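Presented below is the structure to which this report refers.
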Amino acid sequence: MKKYFFAFSLIACAVSVTLPTQALAVKLYGAGSLRDSLTEVAESFNDKYGIPVETRFGPSGLTREFIEQEFSETGKSADILASADIENPQTLFEEALSEPVVNFTSNLTPRSFPSSVGD
């Protein structure tokens, strides 16, 4: 189920990106913690649509710095940034280097406590 949710999210993000008529590739940058799931999604996207996905994974802060540098040198960068936090993408938006930040998923950690807690 998670695989399909991520696939849908990636496709939704890719559709919102303006691609040239002959797209060479989609550039997907992501947090290192998302490497396994996003690599699987990227491969599925490539298989289904025939559009290669170039990936780059690492810490969100370093990825933001890489995007800033890449933009200053070439005027372009990632099509999609999947960050583990909201601050780094928001910084890119505030610097006019991205579209508004969209939260495409959340991570809730379920917790349980023994019945003796609070007694």
Side-chain angles (χ1 to χ4, degrees):
M1 183 66 176
K2 287 183 182 180
K3 173 183 172 182
Y4 296 108
F5 179 74
F6 279 119
F8 173 77
S9 298
L10 179 62
I11 292 166
C13 290
V15 168
S16 71
V17 175
T18 304
L19 296 173
T21 53
Q22 289 187 329
L24 299 176
V26 173
K27 290 173 87 173
L28 168 64
Y29 294 173
S33 61
L34 300 173
R35 177 187 308 271
D36 291 341
S37 58
L38 290 181
T39 297
E40 187 175 340
V41 169
E43 290 168 356
S44 295
F45 183 85
N46 182 318
D47 292 344
K48 183 167 184 165
Y49 297 102
I51 300 172
V53 180
E54 297 174 7
T55 58
R56 175 186 174 85
F57 297 100
S60 296
L62 293 176
T63 301
R64 176 189 48 80
E65 291 171 2
F66 180 81
I67 290 171
E68 291 167 336
Q69 179 180 357
E70 191 174 47
F71 237 102
S72 71
E73 293 174 0
T74 67
K76 55 187 173 183
S77 189
D79 296 305
I80 302 166
L81 169 61
S83 179
D85 66 36
I86 196 77
E87 292 86 17
N88 286 298
Q90 186 63 33
T91 298
L92 292 171
F93 173 68
E94 291 168 2
E95 294 173 346
L97 298 178
S98 77
E99 297 294 321
V101 176
V102 176
N103 184 17
F104 68 92
T105 188
S106 295
N107 185 11
L108 299 176
T109 304
R111 291 186 168 73
S112 63
F113 299 96
S115 60
S116 63
V117 173
D119 289 343

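Just so we're clear, the structure is a prediction, and the values are computed from it rather than from any experiment.
Taking OG1 from Thr39 and CZ from Phe57, the interatomic distance works out to 4.0 Å, rounded to the nearest 0.5 Å.
Residues forming a side chain to side chain donor-acceptor pair (under 3.5 Å) with Asn103 (at least two apart in sequence, or on another chain): Ser106. Ser72 meets the side chain to side chain contact (heavy atoms under 4.5 Å, CB included) test with no other residue; sequence neighbours excluded. Scored by the salt bridge (charged side-chain N to carboxylate O under 4.0 Å, His left out) test, Glu68 finds Arg64 as partners (sequence neighbours excluded). Residues meeting the side chain to side chain contact (heavy atoms under 4.5 Å, CB included) test with Phe71, sequence neighbours left out: Ile67, Ser77, Leu97. Here Phe93 pairs with nothing under the ring pair (Phe, Tyr, Trp, His ring centres under 6.0 Å) rule; sequence neighbours left out. Partners of Glu73 under the side chain to side chain donor-acceptor pair (under 3.5 Å) rule, at least two apart in sequence or in another chain, are Gln69. Applying the side chain to side chain contact (heavy atoms under 4.5 Å, CB included) test to Leu62 and every residue at least two apart in sequence or in another chain returns Pro59, Glu65.
The salt bridge (charged side-chain N to carboxylate O under 4.0 Å, His left out) pairs that include a residue from residues 87-97 number zero, where partners must be two or more places apart or lie in different chains. For the side-chain hydrogen bond (donor to acceptor under 3.5 Å, both in side chains) condition, the pairs that include at least one residue of residues 50-63, sequence neighbours left out, are Ser60-Ser83.
Across every non-hydrogen atom of Asn46 and Val53, the tightest pair is ND2-N, 4.2 Å.
Under a hydrophobic-cluster definition in which Ile, Leu, Val, Met, Phe, Trp and Tyr are linked whenever side-chain heavy atoms come within less than 4.5 Å, directly or via other members, Leu28 and Leu34 are assigned to the same cluster. The cluster map of Ile, Leu, Val, Met, Phe, Trp and Tyr, joined by side-chain heavy atoms under 4.5 Å apart, puts Leu81 and Val101 in different clusters. Following chains of ILVMFWY side-chain contacts shorter than 4.5 Å, one cannot reach Tyr29 starting from Val26, and the two form parts of different hydrophobic clusters. With hydrophobic clusters built from ILVMFWY side chains whose heavy atoms lie under 4.5 angstrom apart, Leu38 shares a cluster with Tyr49.
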